[in-house]
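These notes are about the structure you will find just below.
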Amino acid sequence: VMDQSDFKVDLHCEENNKAHNTDEISVKRLIVRRGKSFILTFCVDLKSFQALDPLQLAVETGAVFEILPANAAGIGWNARVQAKSSSSVTVAVSSPEDACIGEYSLSVKRGSSSRSIGKFVLLFNPWCEADWTYLPQERERQEYVLNEHGIVYRGQSNGIQPMPWTFGQFEEDVMDICLRLLDVNPKCLRNAKEDCSARCNPIYVSRVLSAMVNAADDKGVLEGKWDGNYCDGVAPMCWSDSVAILRRWDQRNCNCVKYGQCWVFAAVLCTTLRCLGIPCRVVTNFESAHDTDGNLTVDHYCYDLGVTPNAKDSVWNFHVWVEAWMRRPDLSQSSQYDGWQVVDPTPQERSDGTYCCGPAPVKAILEGHTNLKYDVPFVFAEVNADIVTWRMNSDGTKTRMFSDTKEVGQNISTKAVGSYERMDITRNYKYPEGSAKERQVFEEAVRRCQRLTIRGGISDVSPATPDVSVKIVEVGQSINGKDLDLSLSLRSDQSKPLTLKIQLNARAVLYTGFSISNVWSKAFEVKLLPNKGAFPREVESDLHTTNAGLACSPCLRMGFLIKSCFRSTGDSVLPLIWVFALHLLI
């Protein structure tokens with residue numbers, strides 16, 4: 001209740017906040033959702049109240065509106081008398097469904113005088129059908145807006161590891177920190193009026209927060225680091241909640257927190273979106289491609305003796321982003337692209353000059369509609385790029401050896417609604433691998449990318465491969481600090497004896513696909529018998545994982561490249577290259 005010279009005003013914080021699903025944030029301050037009314041009570045003698053000039057309410061945006069009778073209809077910002085007695089008048093104040101989110105000042109105007117009666121915060125409203133963030137199912141609203149705890153999935157496609165995470169979006173100071181994030185974003189610093197007026201749009205807000213969660217080019221929250229040296233900060237794998245990160249950023253006057261990696265960036269973004277009322281969930285893509293040149297392929301290059309330098313393109317063991325729920329009327333007059341949108345705060349590539357990504361409609365990714373905003377080609381490649389392996393020849397030319405159309409984008413996972421089970425949502429992003437529809441969508445994605453050129457990575461025909469199968473398997477479980485026991489199995493379906501000269505190279509590779517070092521190599525010759533004759537050979541690797549630079553990330557890839565010369569009696573030599581990856585969790 002706020003004292004005035006001739007009346008008091010009760011903001012009914014506890015009652016209003018409970019009705020607006022914000023009471024978990026606070027019951028001591030008014031926090032409401034747009035498109036839904038909240039009540040105020042003026043404690044004043046009714047005769048004096050009626051004798052006064054018409055009472056008006058004003059909000060910070062400049063909207064001024066009279067208090068209307070109970071049966072009067074109002075549009076936009078409006079207030080109607082809800083109840084009255086001899087000593088008080090209760091009014092219901094309504095905001096537009098597309099009002100800008102943020103903090104508002106509320107004042108009473110009577111005649112030429114104006115008095116402040118307090119402040120309130122307005123949030124997105126996924127309970128309101130007219131709000132672009134409207135989520136129809138209550139169970140999903142409970143999970144994707146109100147749940148402060150969740151699961152982040154890491155590891156590898158055949159060894160998925162759940163990690164509990166506390167989002168903490170309703171900790172009382174988190175909302176103010178989220179609003180501060182909006183206020184210090186570069187767009188707001190350049191033109192505050194334009195930025196604030198755009199905060200009615202969840203598309204705009206989610207994109208801004210995607211940029212502000214990382215500190216790559218602004219006063220963002222987290223600095224990313226992947227080299228294993230975290231002595232001047234906190235190692236990414238040590239975080240388990242977003243609140244500590246956001247508070248540290250706020251307490252340090254918007255100086256970035258060290259350090260984060262993809263799952264930390266995504267979890268913090270999830271906190272900020274849920275806090276402001278945008279439904280969202282954390283999603284993990286296993287075998288996630290990072291396509292740096294926009295050609296929808298991951299290009300690997302192999303040189304003599306099996307040397308494979310770090311390429312710009314890579315495949316991560318896993319990558320984590322956020323899906324946010326909203327309508328996309330900017331893309332279609334229908335609801336074709338409404339629903340889940342990929343929003344990725346990990347600083348990988350610039351989007352319109354800023355390290356951010358999305359929102360990219362998941363429905364557009366599924367259908368290969370890569371001509372749509374925002375960043376659909378990049379996300380499409382993350383889940384469905386082809387991996388093309390090239391052999392670099394001594395004369396500077398390159399030969400396309402083969403394409404892998406199935407490795408990228410596996411077991412795309414998120415926490416299930418109302419439980420701690422894992423839900424596989426791969427079908428939302430891509431059609432079944434190996435199906436005609438999946439290939440059709442890939443070609444459609446290429447066609448729609450106007451800036452793409454059909455280059456060797458897509459249109460060239462791979463050379464014929466001899467009927468030889470090669471497989472590397474782990475013998476037993478990989479344990480950090482122990483030698484790796486591996487088995488190399490070769491099999492021929494040719495009718496003639498074959499000789500293979502094999503060069504094995506092993507590299508320690510971060511979960512991001514970046515090679516740390518070459519740690520082991522071996523060369524030998526193998527003779528294969530005709531008519532499906534098999535020749536297994538044990539590979540005694542002597543690889544000590546603690547000495548291979550493998551302790552700098554919670555999930556790494558040990559890459560094995562086999563470069564061979566395939567020969568049969570009387571035939572010319574044909575070069576072959578196979579690339580394998582074994583995944584180690586430490």
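None of the values given here were measured: they were computed from a predicted structure.
- Minimum interatomic distance between Ala216 and Asn214 (heavy atoms only, all atoms of both residues): N-OD1, 3.1 Å.
- In this view, Glu438 satisfies the salt bridge (Lys or Arg N to Asp or Glu O under 4.0 Å) rule with no residue, not counting sequence neighbours.
- The side-chain contact (heavy atoms from CB on, under 4.5 Å) test applied to Asn411 returns Ser157, Ile160, Phe286, Ser413, Arg422, Asp424, not counting sequence neighbours.
- The residue from Asp404, Asn295, Thr405, Asp299 that alone fulfils the side-chain contact (heavy atoms from CB on, under 4.5 Å) condition with Val388 is Asp299.
- Between Val408 and Glu433, the closest heavy-atom pair is O-OE2, 3.7 Å.
- Between Leu209 and the options Val221, Val268, Leu273, a side-chain contact (heavy atoms from CB on, under 4.5 Å) holds for only Leu273.
- A donor-acceptor pair under 3.5 Å is formed between the side chain of Thr284 and the backbone N or O of Tyr153.
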Report task. Under the side-chain contact (heavy atoms from CB on, under 4.5 Å) rule, what do Trp263 and Val282 come out as? Steps first, then yes or no, please. Result -> CA-CA 8 Å; Trp263 69 93; Val282 177; over 6 Å; no
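- Between Gln261 and Arg154 there is no side-chain heavy-atom pair separated by less than 4.5 Å.
- Taking OH from Tyr134 and CD from Glu129, the interatomic distance works out to 4.0 Å, rounded to the nearest 0.5 Å.
- Remark: Phe378 pairs with His290 by the ring-ring contact (aromatic ring centres under 6.0 Å, His included) rule, at least two apart or across chains.
- A 4.5 Å side-chain heavy-atom check between Glu323 and Thr414 finds every atom pair outside the cut-off.
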Requested in this report: Test side-chain hydrogen bond (donor to acceptor under 3.5 Å, both in side chains) on Ser334 and Ser332 and set out the steps.
Outcome: CA-CA 5 Å; Ser334 69; Ser332 173; 2.9 Å; yes
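- The line from NE2 of His369 to OH of Tyr337 is 4.5 Å long, rounded to the nearest 0.5 Å.
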Requested in this report: Starting from the C-alpha separation in whole Å, work towards a yes-or-no answer on side-chain contact (heavy atoms from CB on, under 4.5 Å) for Val376 and Arg448.
Outcome: CA-CA 11 Å; Val376 175; Arg448 286 185 175 235; over 6 Å; no
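- Residues meeting the side-chain contact (heavy atoms from CB on, under 4.5 Å) test with Ala198, sequence neighbours left out: Tyr204.
- Between the side chain of Gln169 and the backbone N or O of Val145, at least one donor-acceptor pair lies under 3.5 Å.
- The side-chain contact (heavy atoms from CB on, under 4.5 Å) test applied to Tyr420 returns His149, Ile151, Lys415, not counting sequence neighbours.
- Of the possible donor and acceptor atoms, none in the side chain of Thr370 sits under 3.5 Å from a partner among the backbone N and O of Pro377.
- Looking only at side-chain heavy atoms (C-beta outward), Glu287 and Ile387 stay at 4.5 Å or farther from each other.
- Heavy atoms from other residues, nucleotides or ligands lying under 6.0 Å from NZ of Lys225 number more than 12.
- Residues passing the salt bridge (Lys or Arg N to Asp or Glu O under 4.0 Å) test with Arg327: none are found, sequence neighbours excluded.
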Requested in this report: For Trp316 and Gln348, run side-chain contact (heavy atoms from CB on, under 4.5 Å): C-alpha distance rounded to whole Å, both residues' side-chain angles, the deciding distance at 0.1 Å, then the answer.
Outcome: CA-CA 12 Å; Trp316 299 26; Gln348 297 181 88; 3.7 Å; yes
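- Side chains of Leu366 and Tyr431 form a contact here, defined as non-hydrogen atoms less than 4.5 Å apart.
- Taking OH of Tyr429 as the start and CZ of Phe380 as the end, the distance is 13.0 Å to the nearest 0.5 Å.
- Counting only residues at least two apart or on different chains, no salt bridge (charged side-chain N to carboxylate O under 4.0 Å, His left out) pair has a member in residues 361-374.
- Ser206 places a side-chain N or O within donor-acceptor distance of the main-chain N or O of Pro202, the cut-off being under 3.5 Å.
- Checked for salt-bridge contact, Asp386 and Arg439 meet the test: a charged N lies under 4.0 Å from a carboxylate O.
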Query raised in the report: Hey, mind stepping through Leu222 and Val264 against side-chain contact (heavy atoms from CB on, under 4.5 Å) and telling me if it holds?
Result: CA-CA 9 Å; Leu222 273 165; Val264 187; 3.6 Å; yes
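- Scored by the ring-ring contact (aromatic ring centres under 6.0 Å, His included) test, Tyr144 finds Trp340 as partners (sequence neighbours excluded).
- Applying the side-chain contact (heavy atoms from CB on, under 4.5 Å) test to Asn285 and every residue at least two apart in sequence or in another chain returns Ser288, Trp321, Glu382, Val383, Ile412.
- The side chain to side chain donor-acceptor pair (under 3.5 Å) check on Arg328 picks up Asp330, Gln341, with sequence neighbours excluded.
- In this structure a side-chain-to-backbone donor-acceptor pair under 3.5 Å is present from Arg141 to Leu135.
- No more than 12 heavy atoms of other residues, nucleotides or ligands lie within 6.0 Å of CD in Glu421, so this atom counts as exposed by the packing criterion.
- Taken from CG in Asn428 to NZ in Lys430, the straight-line distance is 12.5 Å, to the nearest 0.5 Å.
- Side-chain contact between Gln336 and Leu331 is absent, with no heavy atoms from C-beta onward closer than 4.5 Å.
- In this structure Asp217 satisfies the salt bridge (Lys or Arg N to Asp or Glu O under 4.0 Å) test together with Arg350, sequence neighbours excluded.
- Between Thr272 and Met212, the closest side-chain pair of non-hydrogen atoms is not below 4.5 Å.
- Among all heavy-atom pairs drawn from Gly418 and Glu143, the shortest one is N-OE1, 2.9 Å.
- Qualifying salt bridge (Lys or Arg N to Asp or Glu O under 4.0 Å) partners for Asp352, counting only residues two or more places apart in sequence or in other chains: Arg207.
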Query - side-chain hydrogen bond (donor to acceptor under 3.5 Å, both in side chains) assessment of Gln142 paired with Glu138 - result: CA-CA 6 Å; Gln142 291 292 325; Glu138 177 60 24; 2.5 Å; yes
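- Here the CZ-CG distance, from Arg274 to Asn147, works out to 6.0 Å after rounding to the nearest 0.5 Å.
- When every heavy atom of Trp165 is checked against every heavy atom of Trp239, the shortest pair comes out as CZ3-O, 3.2 Å.
- Taking each heavy atom of Asp375 and Ser351 in turn, the nearest pair found is OD1-OG, 2.8 Å.
- Atom OH of Tyr301 and atom NZ of Lys312 lie 9.5 Å apart (nearest 0.5 Å).
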Query raised in the report: Hey, mind stepping through Asp313 and Thr297 against side-chain hydrogen bond (donor to acceptor under 3.5 Å, both in side chains) and telling me if it holds?
Result: CA-CA 8 Å; Asp313 294 346; Thr297 66; 5.1 Å; no
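- When all heavy atoms are compared, the tightest approach of Ser210 to Leu269 is N-CD1, 4.0 Å.
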